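To keep things clear, I will list the structure first and then write my remarks on it.
Since the model is a prediction, treat every value here as computed from it, not as a measurement. Excluded from the calculations below are hydrogen atoms, water molecules and symmetry mates; all remaining heavy atoms, backbone and side chain alike, are included. Protein chains get the first letters and strands the later ones, always in sequence-line order, with residue 1 at the start of each.
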There are 2 protein chains.
Amino acid sequence: MPYSYEYPRPALSVDCVVFAVDLDLKVLLIERGLEPFLGSWALPGGFVGMRETTDVAALRELEEETGLANVFLEQLYTFSDVERDPRERVVSVAYYALVKPALVTGGTDASQARWFSVNDLPELAFDHSAILGVALERLRAKVRYQPIGFELLPGKFTLGQLQRLYESILGRELDKRNFRRAFLRMSILEELDEMEAGVSHRPSRLYRFHRAAYKRLVKQGFNFEI
Amino acid sequence: MPYSYEYPRPALSVDCVVFAVDLDLKVLLIERGLEPFLGSWALPGGFVGMRETTDVAALRELEEETGLANVFLEQLYTFSDVERDPRERVVSVAYYALVKPALVTGGTDASQARWFSVNDLPELAFDHSAILGVALERLRAKVRYQPIGFELLPGKFTLGQLQRLYESILGRELDKRNFRRAFLRMSILEELDEMEAGVSHRPSRLYRFHRAAYKRLVKQGFNFEI
DNA sequence: CCAAAAGTGTTGAAACTACACCCATGG
DNA sequence: CCATGGGTGTAGTTTCAACACTTTTGG
């Protein structure tokens with residue numbers, strides 16, 4: 001006899017802000033096929049089932065609506081304004097996802113999804129602009145003190161790519177020598193015996209994020225920081 | 001005709017982790033008067049109404065259950081494990097609150113609330129131990145890069161109090177000279193023409209957090225960090 | 001040979017760590 | 001006069017910011 005049964009409940013949904021870096025920072029949006037906001041762009045998302053956590057719901061909706069799977073996903077914030085959905089009361093648990101470049105082109109099959117540069121966004125349905133704003137803020141803050149940037153790069157990458165990634169997220173240029181020194185000093189990058197190929201300039205050495213080394217350092221009290 | 005009407009919904013609740021510093025870091029808990037977990041200690045919280053945001057619900061529940069009002073409150077995380085409540089599916093938006101010392105003694109009138117040191121906690125109902133753990137982790141991280149520590153001190157405080165606050169949250173000792181230098185260098189403290197009184201040692205100068213100065217600095221790109 | 005990005009060192013300023021003694025008050 | 005916390009300076013080390021030229025490749 002749970003006493004909450006007697007009361008009406010808000011509906012519960014999830015929304016996902018999916019980031020990728022192509023040349024600059026991009027977000028994946030869906031064109032709505034239903035009222036309200038029919039034809040508007042919106043974040044992928046949907047309602048939470050009775051037998052799934054919100055994490056699982058977010059992954060499920062992401063795959064259903066965009067075909068993306070195996071992405072980095074983290075809870076962002078819960079949005080609960082009473083009027084945020086014109087139909088009825090809906091509380092939404094927002095997530096942000098980070099997607100590697102390989103999935104950007106191949107991943108979003110036959111759907112009505114499209115990547116938009118964060119510097120050139122359309123108007124969004126519901127309060128999705130606000131959600132996206134919070135996600136951007138979080139990404140910009142978090143990339144500086146957690147090594148999540150690697151989730152937006154291929155497994156093997158050059159220091160140039162890594163630097164351009166940081167520049168596109170932080171929105172400002174960084175000094176090449178200082179950037180390299182800072183990253184290499186941390187010793188969380190594995191230097192590979194492999195070079196970039198097929199580029200019309202001096203090829204760059206490839207690196208890989210050394211997750212085990214990072215975890216070891218964290219245990220010793222190390223703090224990632226850029 | 002919102003399509004979500006057709007589906008059952010999880011219940012939605014809020015839970016609050018209320019922190020204060022007395023001698024060490026403390027958390028406010030409630031002794032449950034209802035099944036399940038009757039007699040256990042639990043976080044203050046309750047169900048979210050149809051016409052209130054989760055923020056408002058958290059403040060309301062906090063006042064109803066503990067008498068506390070005018071506290072610093074921030075959303076923590078949303079917990080949605082399917083089995084987290086044995087009665088039925090309940091998704092809970094967790095908050096953490098920071099309370100100034102004056103409210104610790106006076107605030108919690110006639111209720112079954114009690115402060116516990118975080119180093120000596122009882123077993124908690126539901127998944128409240130996990131929520132508390134996340135809150136502690138967040139507080140420890142956040143106190144280092146946002147000036148929220150002041151929410152746990154009186155308006156006027158000594159540098160000694162401030163240092164002991166940081167020591168009790170971070171759980172380690174800090175060097176007095178370095179700590180003072182670091183804080184004073186930021187110039188976000190207003191030095192008052194007023195001394196501590198009634199102590200049986202050399203009285204300390206009082207300071208106040210200078211919120212306006214802090215905001216000005218943030219606009220210029222300043223990053224608080226301890 | 002041109003264009004394009006890779007790669008590399010130094011210097012001065014600022015911040016960080018570790019550390020020990022005297023001061024003012026109440027009891 | 002004792003106990004208690006308040007208050008202060010320095011030296012060595014590390015980190016940070018700013019800055020320019022040579023190298024290697026493809027076309």
Side-chain angles (χ1 to χ4, degrees), chain A residues 21-24 101 143-145 153-154 156-168 170-208 217 220-226, chain B residues 21-24 101 143-145 147 153-154 156-168 170 172-208 217 220-226:
Chain A
V21 171
D22 192 353
L23 292 167
D24 59 353
V143 83
R144 295 186 53 186
Y145 63 87
L153 287 179
K156 299 171 180 179
F157 51 84
T158 71
L159 290 178
Q161 287 176 286
L162 186 60
Q163 182 176 345
R164 283 188 293 276
L165 173 86
Y166 273 84
E167 289 177 336
S168 60
L170 299 178
R172 64 189 155 93
E173 300 201 333
L174 303 170
D175 180 85
K176 181 164 51 159
R177 281 165 291 191
N178 295 338
F179 181 85
R180 293 170 158 256
R181 203 184 357 253
F183 250 104
L184 293 175
R185 192 178 31 211
M186 293 190 237
S187 37
I188 58 172
L189 294 186
E190 182 182 359
E191 180 178 326
L192 302 177
D193 289 326
E194 207 175 330
M195 295 296 192
E196 199 182 13
V199 290
S200 80
H201 54 74
R202 176 171 173 180
S204 173
R205 180 172 295 282
L206 291 172
Y207 293 82
R208 191 190 290 156
L217 286 168
Q220 293 165 21
F222 165 79
N223 266 316
F224 179 89
E225 190 161 345
I226 285 293
Chain B
V21 172
D22 193 354
L23 291 168
D24 60 353
V143 82
R144 296 188 51 187
Y145 62 89
L153 287 179
K156 300 171 180 179
F157 51 85
T158 71
L159 290 177
Q161 288 176 286
L162 187 59
Q163 181 176 348
R164 283 187 293 274
L165 173 84
Y166 273 84
E167 290 178 336
S168 60
L170 298 179
R172 64 189 154 92
E173 301 204 331
L174 302 169
D175 180 85
K176 180 164 54 159
R177 280 166 292 190
N178 296 338
F179 181 86
R180 294 169 158 255
R181 203 184 359 251
F183 249 104
L184 293 175
R185 192 177 34 212
M186 294 191 237
S187 38
I188 58 173
L189 294 186
E190 182 182 359
E191 178 177 328
L192 301 176
D193 289 326
E194 205 173 331
M195 296 298 194
E196 198 183 16
V199 289
S200 80
H201 54 73
R202 177 172 172 181
S204 173
R205 180 170 296 279
L206 291 172
Y207 293 82
R208 191 190 290 158
L217 286 169
Q220 293 163 22
F222 166 80
N223 267 316
F224 179 90
E225 189 163 343
I226 284 294

**Report entry** A:Glu173 atom CD, neighbour heavy-atom count above 12 within 6.0 Å
**Finding:** no
When you check the phosphate oxygens OP1 and OP2 of [N], does a side-chain N or O of [X] lie under 4.0 Å from one of them?
X: A:Arg181; N: C:dT10; value: no
X: A:Arg180; N: C:dG7; value: yes
X: B:Ser204; N: D:dG7; value: yes

Rounded to the nearest Å, what distance is computed from the [atom1] atom of residue [X] to the [atom2] atom of nucleotide [N]?
X: B:Phe179; N: D:dG6; atom1: CZ; atom2: C1'; result: 14 Å
X: B:Arg164; N: D:dG7; atom1: CZ; atom2: P; result: 11 Å
X: A:Asn178; N: C:dA13; atom1: CG; atom2: C1'; result: 14 Å

Query raised in the report: Quick one: do A:Glu191 and A:Arg205 make a salt bridge, cutoff under 4.0 Å?
Result: yes
Query raised in the report: Hey, is A:Lys156 close enough to A:Glu194 for a salt bridge, meaning N to O under 4.0 Å?
Result: yes
Requested in this report: For A:Gly198 and for A:Arg177, find the nucleotide of DNA chain D with the closest heavy atom, then tell me which residue's nucleotide is more 5'.
Outcome: A:Arg177
Report task. Using heavy atoms to find the nearest nucleotide of DNA chain D for B:Tyr207 and B:His201 separately, return the residue whose nucleotide is more 5′. Result -> B:His201
Report summary line: Taking C:dA24, C:dG26, C:dG7 as options, the one with an atom nearest any side-chain atom of B:Pro203 is C:dA24
Query raised in the report: Of all the choices, C:dG9, C:dA6, C:dC19, which nucleotide is nearest to the side chain of A:Thr158 once you look at every atom?
Result: C:dA6
